[in-house]
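These notes concern the structure reproduced below.
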Amino acid sequence: MYRANILCCAGTGCTANRSQEVFEKFTEALQEYGLEAEVNVIKTGCFGLCQKGPIVAVYPDKVFYAHVKPEDASRIVAEHLYKGRPVTDLQLSEEDLATKETIYDIDKIKFYEKQQRIVLRNCGKINPEDIQEYIAIGGYEALGKALTQMTPQQVIDVVKASGLRGRGGAGFPTGMKWQFEANQPGDEKYVICNADEGDPGAFMDRSILEGDPHAIIEGMTIMAYAVGAHLGYIYIRAEYPIAVGRLNIAIAQARELGLLGKDIFGSGFDFDIELRLGAGAFVCGEETALIASIEGKRGMPNPKPPFPAVAGVWGKPTSINNVETLANVAQIIDKGADWYASIGTEKSKGTKVFALGGKINNTGLVEVPMGTTLREIIYEIGGGCPNNKAFKAVQTGGPSGGCLTEKELDTPIDYETLTAAGSMMGSGGMIVLDEDNCMVDVAKFYMEFIADESCGKCTPCRVGTKRLLEMLTQITEGKGSLELLDELETLCHEIKDTALCGLGQTAPNPILSTLSHFREEYITHVVDKKCPAKVCKQLLDYTIDRDLCKMCSLCARSCPAGAITGVAGKEPYEIHPTLCIKCGNCANTCRFGAIKIG
């Protein structure tokens, strides 16, 4: 029994920031001070506060250290674990605005105070590579309960009553989806976990798999029992190596303990899981395209019906749920439908995990009850925009979603209200934009992604998205017109009405959303040939304020086009518009604010 545990975040974000070295340095320091028999150091999943990483937590003291460098490990061991004095300058803290006192208690820090961690309950608290730690906190008890005390229909009825809806984007009732497959005749059925998370800025599913892989295995096995399947696939993109590695470890451990394979819990139920690695195609997040990829075909969607519950992988009935959906299942079986249904709103039950990013102080993973407002997430959990910049919009739902403005900040988050506001829940990406963002450029960014990721099967998406991108490019280069704006909007609606799959049908959403909320920005681009946010380079003019110019020649020396002339120490410099390529080097180099951008 250890008197203390050091938990080092080993999620992708912290790993990229040298958390593996931090872990190794802690191991060395504990040996140096002779504490290796008293203090345990383990790797965990994501704590959620990615902006503060690498994060190290010391239990049972509940002390969190932020921005830990490898060289800090020895000091933490010496001061905190050897002498009993936490290292306050590394502790995660914030100032209480009322008392002006520094808060070190992690439960009182606003980032966690507003959250309710159901899906993320184990992330950052257990070693994801040790099945015994998962079992020690109640893991696989729900599976045992389902297999030994419940019929498959009873499992489905509990999930139905809980109100759990698919967290992959569409929000389809999970229990109803399972019922469709269970009602199909035949013994050969399948279940699939969709871990092909491809939205820009989204990392919810990846973090769940990295921090709590057994929750997905348990949820999948319960789903398989409910629908009558004996083999499941986890479809995960190969560019998630940490998640893939931990899934492989977890599956092997579950097989070794008889929690996967033949006669699980002596119930006579057989089930096993195989991994299928995707090549990173965004379209494979769509169910029929994902199924085609599993079968070894090119990942392209097919018209529906038939739906996968009737004819899915290998033409057999198949249920597909994403990672976050499955992470809820075991807890619903364990704690009951009423417990889960008591959380959230009337039509959207439970919690939702969001990947909060963009122009926000606290970048990271947040899990909040459905019905929490955008304002609470952005300001109370996220800490608002950095450098006191003004909030401009938030993009929810990724490339398939839309932007919401200051007017919608008090919107309670659930499937219906976000759709009514002109956006969507999506898988859970939430990108915050501030006053420095150009909304035309934002729409162009998403359209570049969508056009590049189109599978090419249907003409509206294959050709239409490229035409939309061309139009947006013309607008950002000062070649647009009011007539072009009309054509842009018309084409958006035509693509929505005619594209084959949901990805193509929602592709125009970022454009339609920004046109709806920020049409004046588009008009300024096409009429005045100006970018109000000063982002679109071709619409910018660079000039030098002669009164502020110190004649130092730094701007001229940094100009790759030779567009800046003057005499060092004698004559102020000037920029020749016909030669200027608008690269911005001069503005970045000038130390005196003499370069004016308009």
*Would you sort out whether M204 and V323 count as a side chain to side chain contact (heavy atoms under 4.5 Å, CB included), showing the intermediate values?*
CA-CA 9 Å; M204 303 80 59; V323 171; over 6 Å; no
Is the backbone N or O of [Y] less than 3.5 Å from a side-chain atom of [X], with the two atoms forming a donor-acceptor pair by type?
X: S454; Y: A451; answer: no
X: E367; Y: V119; answer: yes
X: E181; Y: S319; answer: yes
X: T373; Y: E376; answer: yes
X: T345; Y: G371; answer: no
X: T288; Y: E286; answer: no
X: N194; Y: D196; answer: yes
X: Q395; Y: G398; answer: yes
X: D441; Y: C536; answer: no
X: E521; Y: M439; answer: yes

Are [X] and [Y] close enough that some pair of their side-chain heavy atoms sits under 4.5 Å apart?
X: C559; Y: C586; value: no
X: L491; Y: I495; value: yes
X: I208; Y: L365; value: no
X: V159; Y: W178; value: yes
X: T476; Y: C531; value: no
X: P560; Y: N585; value: yes
X: C46; Y: E210; value: no
X: F47; Y: F111; value: no

Can you name the nearest heavy-atom pair linking [X] to [Y], along with the distance?
X: G382; Y: I360; result: O-CG1, 3.4 Å
X: Y379; Y: E406; result: OH-OE1, 4.5 Å
X: A393; Y: C403; result: CB-CB, 4.2 Å
X: I597; Y: A587; result: CD1-CB, 4.0 Å
X: K529; Y: K479; result: NZ-C, 4.2 Å
X: C552; Y: Y573; result: N-CE1, 4.5 Å

Would you please say whether a donor-acceptor pair under 3.5 Å links the side chains of [X] and [Y]?
X: T405; Y: E408; value: yes
X: T351; Y: Q116; value: no
X: Q179; Y: N183; value: yes
X: N509; Y: T506; value: no
X: T514; Y: Y522; value: yes

_As a quick check of understanding, evaluate side chain to side chain contact (heavy atoms under 4.5 Å, CB included) for N362 and I381, giving each step before the final call._
CA-CA 7 Å; N362 296 329; I381 297 175; 6.0 Å; no
Could you check whether [X] pairs with [Y] (Lys NZ or Arg NE/NH1/NH2 to Asp/Glu carboxylate O, under 4.0 Å)?
X: R206; Y: E239; answer: no
X: E113; Y: K110; answer: no
X: K359; Y: E435; answer: no
X: K352; Y: D414; answer: no
X: E416; Y: R165; answer: yes

From [X] [atom1] over to [Y] [atom2], what is the distance, rounded to the nearest 0.5 angstrom?
X: I511; Y: K444; atom1: CD1; atom2: NZ; answer: 12.0 Å
X: E487; Y: E494; atom1: CD; atom2: CD; answer: 10.5 Å
X: L503; Y: E453; atom1: CG; atom2: CD; answer: 10.0 Å
X: N328; Y: T174; atom1: CG; atom2: OG1; answer: 8.5 Å
X: L374; Y: T396; atom1: CG; atom2: OG1; answer: 7.0 Å
X: I523; Y: L515; atom1: CD1; atom2: CG; answer: 9.0 Å

Is it true that atom [atom1] of [X] has more than 12 heavy atoms of other residues, nucleotides or ligands lying nearer than 6.0 Å?
X: K582; atom1: NZ; value: yes
X: E346; atom1: CD; value: no
X: R375; atom1: CZ; value: yes
X: N388; atom1: CG; value: no
X: K347; atom1: NZ; value: no
X: K596; atom1: NZ; value: yes

*Check step by step if salt bridge (charged side-chain N to carboxylate O under 4.0 Å, His left out) holds for D436 and K392.*
CA-CA 9 Å; D436 293 334; K392 189 170 188 177; over 6 Å; no
*Looking at P510, S516, P508, which one forms a side-chain contact (heavy atoms from CB on, under 4.5 Å) with L512?*
P508
*Run the side chain to side chain contact (heavy atoms under 4.5 Å, CB included) check on N387 and D434 step by step: do they pass?*
CA-CA 10 Å; N387 304 316; D434 70 10; over 6 Å; no
*Is it true that F180 and F307 have ring centroids separated by less than 6.0 Å?*
no
*Can you list the steps and then say if Y235 with V313 is a side chain to side chain contact (heavy atoms under 4.5 Å, CB included)?*
CA-CA 12 Å; Y235 186 87; V313 69; over 6 Å; no
